[in-house]
Amino acid sequence: MTATLLTASAPTTAAAPMYNAARLWAPADPAVELTVVVPFYNPGAALRPTVEKLVSCLAEERVSYEVIAVSDGSTDGSERTLAGLPGVRVVVSPVNQGKGGALHLGFSAARGAWIGFVDADGDIDPRHLAEYLRVARAGDHAGVYADKRHAASGSASSPFRKLVSMVYSTLVALMFVLGMRDTQTGCKVLRRDVLAELLPRLRERRFAFDLEFFVAAKAAGIRGFVGAPVRLEERMAGSTVGSSAILRTIRDTFVIFARLHLTDQYRRPASAPIVLRPAPTAWTSQLADAA
C-alpha cells in the first residue's frame with residue numbers, strides 16, 4: 001500500500017471535542033500494531049526523509065504499522081513528497097490549527113493497538129518509536145514518552161531552546177506536580193484505550209496538547225507512563241516555535257491549570273470507574289506466524 005491522500009474538515013468551535021475519537025474504543029485492526037501520527041506544517045524537504053526513515057525502521061523491526069501524516073494547513077505542497085511510501089496515509093486539514101489539532105485529527109483515524117507520534121522537522125530520530133514500542137510492550141505501560149532530561153538522553157538543540165525548555169519544565173513541575181520531567185518532547189507511544197479515554201476531554205490545539213494530555217491522565221487516575229531516552233539533533237526544517245508560540249504556550253498552560261482546578265473537565269465521574277483494556281501481548285508471535 002502506498003501513500004493515500006485524504007482531506008478533512010476542521011471543527012468549527014473550540015469548546016467541542018475536535019474530532020470523533022469514539023472509533024478508538026473499537027478493537028484495533030489485527031493487521032496494525034502501531035499507528036504513528038506525523039503532524040506537519042510547511043516542513044519542506046524535511047518531511048519525506050523523516051517519514052521514509054520511520055517506515056524503514058518499522059519494517060526492519062517487523063512491526064505491523066500505519067503512518068498517518070497530517071498536514072496542518074500546509075501551503076508548501078509538502079504532502080505531495082510522500083507519494084509512493086508504503087503504509088502511509090496523508091490527511092490534509094484545510095486550515096492551520098496547531099500541533100494539537102493535527103494530532104487529534106490523526107488519532108481519530110488510527111487503527112493500531114498502540115498509537116505514537118513524532119515531530120516532522122527531523123530533530124528526533126523516528127527509530128525511537130520502535131524502541132519505545134518495545135518498552136511499552138514489555139511493561140504493558142499506559143505510554144512511553146521521550147524524556148530529554150533522562151540520564152541517557154542527548155541534545156544538539158541551541159542554548160536558547162535548552163533554556164526555554166528548562167524554564168518551562170520547571171514551571172510545569174511547580175504548577176501540576178506530574179512526576180515527570182519532560183512533557184513536551186514530540187515523540188511518544190500511547191495505548192489505544194488510554195487515548196480513547198482522554199481525547200474527548202482535551203481542548204488544546206497547539207503546543208500545550210502534550211501537557212494537557214498528562215494533566216488529564218493524572219486527574220482521571222491513569223498511571224503507568226514511563227520516560228525513555230531521546231536524542232535531539234539539529235532541525236532539518238525551520239522551527240515553528242518562535243516567541244509568539246512560546247508566549248501562547250505559557251498562556252495555554254495557565255488555561256489548563258484553570259480547567260483543572262475550576263472545572264470537572266479532566267475528571268471522571270465517581271460512578272464511572274476506570275477500565276483500561278490490556279494491550280495485546282501476542283503481536284510478536286502473530287507477526288512471526290504471518291511471515
Side-chain angles (χ1 to χ4, degrees), residues 10-11 13-15 17-19 37-43 70-74 93 95-107 117-124 143 145-149 153 155 157-188 190 195 198-199 201-219 225 227 230 232 234-235 237-263 265-266:
T13 66
M18 277 175 275
Y19 297 98
V37 179
V38 183
F40 63 92
Y41 175 69
N42 289 348
V70 183
S71 170
D72 185 29
S74 293
S93 171
V95 297
N96 176 258
Q97 299 182 79
K99 172 186 171 180
L103 287 174
H104 272 268
L105 179 54
F107 292 154
F117 63 91
V118 65
D119 290 345
D121 43 25
D123 62 336
I124 300 175
Y145 63 93
D147 179 5
K148 58 180 171 286
R149 309 263 180 252
S153 292
S155 176
S157 298
S158 69
F160 174 72
R161 286 186 63 86
K162 289 179 180 178
L163 176 62
V164 169
S165 175
M166 182 180 68
V167 171
Y168 184 72
S169 61
T170 301
L171 175 67
V172 166
L174 292 173
M175 292 178 66
F176 298 100
V177 196
L178 294 173
M180 54 182 59
R181 296 165 295 192
D182 182 7
T183 61
Q184 298 306 111
T185 300
C187 185
K188 298 174 176 68
L190 306 167
L195 274 175
L198 295 177
L199 278 182
R201 307 177 199 186
L202 306 186
R203 297 294 179 267
E204 291 303 317
R205 298 170 184 264
R206 297 190 181 274
F207 292 111
F209 167 87
D210 305 65
L211 171 63
E212 187 182 34
F213 175 84
F214 288 122
V215 169
K218 180 182 178 183
F225 297 100
V230 64
L232 299 176
E234 293 186 16
R235 288 174 177 256
S239 175
T240 57
V241 187
S243 57
S244 61
I246 292 170
L247 292 174
R248 177 163 185 160
T249 301
I250 293 173
R251 186 201 72 178
D252 292 343
T253 299
F254 282 93
V255 171
I256 294 169
F257 185 83
R259 286 195 197 111
L260 175 65
H261 293 284
L262 301 179
T263 75
Q265 179 75 35
Y266 304 134

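Count residues from 1 along the sequence.
Between Tyr266 and Arg201 the shortest heavy-atom distance is O-NH1, 3.0 Å.
Between Leu232 and Ser157 the shortest side-chain heavy-atom distance falls below 4.5 Å. Side chains of Thr249 and Arg206 form no contact here, defined as non-hydrogen atoms less than 4.5 Å apart. Counting only heavy atoms from C-beta outward, the side chains of Met175 and Phe254 approach each other to under 4.5 Å.
Looking at Arg259 and Glu204, a side-chain N of the basic residue comes within less than 4.0 Å of a carboxylate O on the acidic one, giving a salt bridge. A salt bridge is absent between Asp182 and Arg149; no separation between the charged side-chain nitrogens and carboxylate oxygens falls under 4.0 Å.
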Item to complete: Report the C-alpha distance between Tyr168 and Phe207 in whole Å, list the side-chain angles of each, state the deciding distance to 0.1 Å, and finish with yes or no for ring-ring contact (aromatic ring centres under 6.0 Å, His included).
Response: CA-CA 12 Å; Tyr168 184 72; Phe207 292 111; over 10 Å; no
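Side-chain contact annotation: Arg205 with Gln97, donor-acceptor N/O pair under 3.5 Å present. Lys148 and Ser165 form a side-chain donor-acceptor contact under 3.5 Å, judged by distance and modelled atom types alone. Defined by atom type and a distance below 3.5 Å, a donor-acceptor pair is missing between the side-chain atoms of Tyr145 and Thr183.
Classification of the Phe176-Phe257 ring pair by plane angle, with boundaries at 30° and 60°, yields perpendicular.
Side-chain atoms of Glu212 come within 3.5 Å of backbone atoms of Arg203 as a donor-acceptor pair (strictly under, hydrogens ignored). No donor-acceptor distance shorter than 3.5 angstrom exists from the side chain of Thr185 to the backbone of Asp147, with no hydrogens or angles considered.
With Val172 as the partner, the side-chain contact (heavy atoms from CB on, under 4.5 Å) test is satisfied by one option alone out of Val177, Val167, Asp210, Leu211: Leu211.
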